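Quick notes on the structure that follows.
First the proteins, then the strands, lettered A, B, ... as listed; each starts at 1. The model shown is predicted, which means the values in this text are computed figures rather than measured ones.
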Amino acid sequence: MSQETKITPRAQDYNQWYIDVIQAAEMADYSPVKGCMVIRPTGYALWENIQRVLDGMFKDTGHVNAYFPLLIPESFFKKEAEHVEGFAPECAVVTHGGGQKLEEPLFIRPTSETIIWSMYKRWIASHRDLPILINQWANVVRWEMRTRLFLRTTEFLWQEGHTAHATEAEAEEETRRMLGVYQRLAEDHLAIPVVPGLKSDREKFAGAVRTYCIEAMMQDHRALQAGTSHMLGQNFARAFDVTFQDDAGQRQLVWATSWGVSTRLIGALIMAHSDDKGLVVPPRIAATKAVVIPILGKKADPAVVLAEARKLADETGLGRGIQVDARENQSPGWKYNHWEQRGVPVRIELGPRDIDSGQAVLVRRDTGEKKPVPRAGIAQALADLLEDIHRSLYARAKAYRDEFTFDVDSADEFRQKLESPGGFLRTHWCGDGVCEGKVQEETKATIRCIPLDAKPEQGACPFCGKPSTRRVIYAKAY
RNA sequence: CGGGGCGUAGCGCAGUCUGGUCAGCGCGCCUGCCUUGGGAGCAGGAGGUCGGCGGUUCAAAUCCGCCCGCCCCGACCA
């Protein structure tokens, strides 16, 4: 009995399971440099598809792409007080170049607000120059103490949108619009249900006025921030002296937003859907949506079966989205396992019996259910099945999240529920950051967000007893 | 930075306590035959400065010292 990688069951060791899934699917590998990772083709293909989908949505909402440099003068960072305080400790700094010590150290970008706003100052003079709606796809570096594949690595890939507006209302609208884009990406493409919400002041981006986010629940009931959108107010315009003349001839500070999602989404995707057999990739984002396994044996001419398999792949109309595993040295069972570990949504088995009866067997990755389907209707049946898998993954993830979301009204209950089973605790909050900090210190849970759809509700903060007007979501987070 | 674990073939490990045919096993890989509807079988074969440096000894993967690296857990963070 041959084995590839064995995967630790979730129930035994969730963290090890996560690592095993990534290894088994060959999504990533550790790099020679601590905290950095190599994204292997299987993992990168997911990122490429996320990029493709998001990039389209950005362009549909009027944005354009540009590229700003990796190296940022140290002095730029110091211009926005809260920003430098938040990021300086985790910045990598270049001190030498060309064999000489540099006059001014250069920060490797942990995010690009400062370099971008230094440029916006040169580009903005009139209200006719606004809005500026620029996005960039880039890598950034943040020197983290503790790293995890995809979820937190020293260098990671992301996109960062940076927009400039004439009015507060417009900037706020943009911030919310992009949050909506992220929610659509998560739910409609990654099949991950998310809670859109507002961050508390403690949790907001360094330099922002307000930070919105989408929060997802992982299978260990912990929360994962899957995307953020920041209303930056006039903070960066003030720091970089970016003003424009409005139509009345008045000079005004520009309003800003920034928003981003990263390769962390791949970690979210893994932890939202995968199982003890390995990766499960939602069909809409999968590079390989189906794989044909020809059953090659002596019962029929292997060349004929293989030719039929290739023909079948063609008939599906999936193009590059389908491949045929033609290897003759591996058994069908081995291949089933191989592709299951890689999360391919649908396996199509085609053997002599199927060819004789004009059918193929569709096997879905999420449930393992097998279904014979007539060859004539294969393209439609497959398309339907892929959509059904998407819906079913989403529904399952949502039901799971709801099952572990609790209304909690006392501190004791809070501690109990957090300990077991864990999850999203919908709790009243007094609004005080100090109180929030104490809860975090004691329980390790943080306010993940104030849900945007939170209904006004009179209550009391279970920790300090002060009045509260709506519930927030507390959870342990990644 | 603390706590725990680990470093022996591509991967997973045994051997270390009790120095001496301990350079070994499984998987993978290569060749051939045979097989293929859930991780096949047989035969042959390639592959290792035992993380590094130093020490003890007639003799070190094994004992001692120092160093390096990695993983997991905790404090910071998308």
Is there a side-chain contact between [X] and the phosphate of [N], meaning an N or O under 4.0 Å from OP1 or OP2?
X: A:K298; N: B:U35; value: yes
X: A:S262; N: B:A78; value: no
X: A:K277; N: B:G38; value: no

Is a side-chain donor-acceptor pair under 3.5 Å present for A:D55 with A:W137?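 On atom types as modelled, these side chains qualify, holding a pair under 3.5 Å.
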
Whether [Y] and [X] form a salt bridge (side-chain N of Lys/Arg under 4.0 Å from carboxylate O of Asp/Glu) is what I want to check.
X: A:R310; Y: A:D314; answer: no
X: A:R177; Y: A:E174; answer: yes
X: A:E215; Y: A:R222; answer: no

Pick one: which of A:Y478, A:Y400, A:Y14 meets ring pair (Phe, Tyr, Trp, His ring centres under 6.0 Å) with A:H221?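 Considering A:Y478, A:Y400, A:Y14, a ring pair (Phe, Tyr, Trp, His ring centres under 6.0 Å) with A:H221 is found only for A:Y400.
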
When all nucleic acid strands are considered with a 4.0 Å heavy-atom cut-off, which category describes [X]: base, sugar-phosphate, or nothing?
X: A:G297; value: base
X: A:V261; value: nothing
X: A:P302; value: nothing
X: A:E340; value: base
X: A:T153; value: base
X: A:E144; value: base

Quick check for you: among [options], whose closest atom lies nearest to any side-chain atom of [X]?
X: A:M145; options: B:U36, B:A78, B:A75; answer: B:A75
X: A:W334; options: B:G37, B:G39, B:U36; answer: B:G39
X: A:K370; options: B:U36, B:G74, B:G38; answer: B:G38
X: A:R142; options: B:G37, B:G39, B:A78; answer: B:A78

Looking at residues 226-233 of chain A, who's got a heavy atom less than 4.0 Å off RNA chain B? none

With sequence neighbours left out, which residue pairs that include part of residues 259-316 of chain A fulfil the ring pair (Phe, Tyr, Trp, His ring centres under 6.0 Å) condition?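 Qualifying pairs: A:F58-A:W259, A:H63-A:W259.
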
Can you name the atoms? Protein N/O to nucleotides 2-10 of chain B N/O, anything below 3.5 Å, with the distance.
none

Between A:Q341 and A:K277, what is the shortest heavy-atom contact and its length?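 Looks like CG-O, 3.5 Å.
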
Sub-3.5 Å donor-acceptor pair from the side chain of A:K289 to the main-chain atoms of A:P283, do we have one? yes

Of A:T211, A:L198, A:T228, which meets side chain to side chain contact (heavy atoms under 4.5 Å, CB included) against A:K204?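 For A:K204, the side chain to side chain contact (heavy atoms under 4.5 Å, CB included) test succeeds with only one of A:T211, A:L198, A:T228, which is A:T211.
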
Separation of B:C76 P from A:E90 CD (nearest whole Å): 13 Å

Could you check how far CG of A:N337 sits from P of B:G39, rounded to whole Å?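 In whole Å, B:G39 P and A:N337 CG are 9 Å from each other.
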
Please write out each protein N/O paired with an N/O of nucleotides 30-34 of chain B under 3.5 Å, distance rounded to 0.1 Å.
none

Within the sub-3.5 Å range, which N or O atoms of nucleotides 68-72 of chain B have a protein N or O partner, and how far apart are they?
unit_1, atom_1, unit_2, atom_2, d
B:C70, OP1, A:K34, N, 3.2

Residues that A:E172 engages under salt bridge (charged side-chain N to carboxylate O under 4.0 Å, His left out), provided they are two or more places apart: A:R176, A:R210

